[in-house]
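Lettering of chains follows the sequences in order, A, B, ..., and the numbering in each one begins at 1. All values reported here derive from a predicted model rather than from experimental measurement.
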2 protein chains.
Amino acid sequence: MNTPTDAQNPAPAPAAAKSRKGPTRSEVSKSAILEAAREEMAENGWRGFSVDSVAKRASASKQTIYRWWPSIGAMCVDAALALIPDAPEGGRDPQERITALIIPLEAAARTGHGHAVLRVALLAAADDKDAGEVWRAWVGRDIRQPLRMILAELAAKRVIRRDFELDDVIEQLLGPIFHRLTIMRAPVKDGFCADQSAAFLRTYGAI
Amino acid sequence: MNTPTDAQNPAPAPAAAKSRKGPTRSEVSKSAILEAAREEMAENGWRGFSVDSVAKRASASKQTIYRWWPSIGAMCVDAALALIPDAPEGGRDPQERITALIIPLEAAARTGHGHAVLRVALLAAADDKDAGEVWRAWVGRDIRQPLRMILAELAAKRVIRRDFELDDVIEQLLGPIFHRLTIMRAPVKDGFCADQSAAFLRTYGAI
DNA sequence: GGGGCGATACTGACCGTTCCGTTCTAAGTG
DNA sequence: CACTTAGAACGGAACGGTCAGTATCGCCCC
């Protein structure tokens, strides 16, 4: 499982405590809240999502939620990111290496629960400022940065052309699966991500 | 401008009135509501959007809004669809014909106002059942159906391969621009849609 | 005279915040 | 090593304000 960025806790992050007095924040409360949040997200969508319901379902206080996250949107994104497994090793084949980057998203989206949770998290990221920053930070760290390394290497080996825009490639890789998750609400087929990276290589392949 | 599906009015559509007595529904009220809705969407996003604000800004009654649309989500989608211009004639070049289908979306998204409105409409379509149906109905009529004709013709002429899935092509064409609009909140470059159709032709072009 | 209209009001739910009383823990004292 | 104490996190409850969706007014126009 992923350990996301902890969404910039409003308080100065519990780990960074120096000379604190009271008890540390309860990780068990946090994970109970995240689990309850995922269930509420899947059941009620983004606009119908309520903090009160999450608190009640997790037997937690709303104040505890706001201690951990600056906004409900950030919590939603964190809850979804926890469903995304770590990326597998990429091997040597160019398509395999690119696919490996986005296959965790496909894996999370291919369960009924993950599909709904990820959909709401994407809505939160698009609608809520804090949530958007958390999500884009994750994309930057887990997708954009490794992708840049791979593409630079492929371009150096003349496997792909050099005239690509990194952000455009990200749109081409992530856009289709997100569109299917959110707008179409259609299931994600096995191999969907592999198809996207194959399409990219056909688009930008040398020659 | 587009004249959307009128979102399946809860009441049997004012035009279809037969032997009515009272006055017809006021189109001026309707367009004032849609204009107010666009402004509220751009300012407050999807979760922060409120019917009361729209009614107040349009000097209309909430009851009037619910007479025209079954849900606020459907109204949001209608408001955004009105910003999408009609598709231009496609010419003969395959890429040009495909680009012509999606260029209206790009055109609407390239203004600051349209960018924000379209973003919220997409969130509504993904989060609200009614809104999603209105949106997908528009996609089916203005994108999917003409695209199917074009692709069938191109496949017959051996310009593209035959082993494509129509829905996958739609994801590839629409996904990137929607991702940029919603998640990235980044401006849409001139020629973005042309690049997508070029990428499609490179992906499925017959060897 | 019936139906669309603006205006108002109402119910139930929710948001974000604030206040409790309790519990737990690190720092300080002897 | 006890033992105290200050401070923080906790569940729970309550708050003022907002909102969705419905209902009910008169008004006015077809």
- request: Using only side-chain N and O atoms of Thr64(B), determine if any of them is under 4.0 Å from OP1 or OP2 of dG6(C).
  value: yes
- line: Ala155(A) meets the side chain to side chain contact (heavy atoms under 4.5 Å, CB included) criterion, sequence neighbours left out, with Ile160(A), Arg162(A), Phe164(A)
- request: Mind calculating the distance between CZ (Arg57(A)) and P (dG12(D)) to the nearest angstrom?
  value: 16 Å
field: Pairs involving residues 182-191 of chain A, ordered by first then second residue, that meet salt bridge (charged side-chain N to carboxylate O under 4.0 Å, His left out) (sequence neighbours left out)
entry: Lys189(A)-Asp168(B)
statement: Contacts of Asp167(B) meeting side chain to side chain contact (heavy atoms under 4.5 Å, CB included) (sequence neighbours excluded), chain-then-number -> Arg180(A), Arg144(B), Ile170(B)
message: Testing the basics here: between Leu83(A) and Gly114(A), what is the closest heavy-atom pair and its distance to 0.1 Å?
response: CD1-CA, 4.0 Å
- prompt: Which residues in residues 33-45 of chain A have at least one heavy atom lying under 4.0 Å from any atom of DNA chain D?
  reply: none
query: Could you give all pairs that pass the side chain to side chain donor-acceptor pair (under 3.5 Å) test and reach residues 112-125 of chain B, with sequence neighbours left out?
result: none
statement: Of the candidates dG6(C), dA9(D), dC5(C), the side chain of Trp68(B) sits closest to dC5(C)
- request: Encode nucleotides 12-19 of chain C as B, S and - characters from 5' to 3', where the letter depends on protein heavy atoms closer than 4.0 Å: B to the base, S only to sugar-phosphate, - to neither.
  value: --SBBBBB
field: ring-ring contact (aromatic ring centres under 6.0 Å, His included) against Phe178(A), all qualifying residues, sequence neighbours excluded
entry: Trp135(A), His179(B)
query: Looking at residues at least two apart in the chain, or sitting in another chain, which of them share a side chain to side chain contact (heavy atoms under 4.5 Å, CB included) with Ala100(A)?
result: Pro88(A)
Residue list, side-chain hydrogen bond (donor to acceptor under 3.5 Å, both in side chains) with Lys129(A), at least two apart or on another chain: Glu133(A)
- prompt: Taking CH2 from Trp69(A) and P from dA9(D), how many angstroms apart are they, rounded to a whole number?
  reply: 14 Å
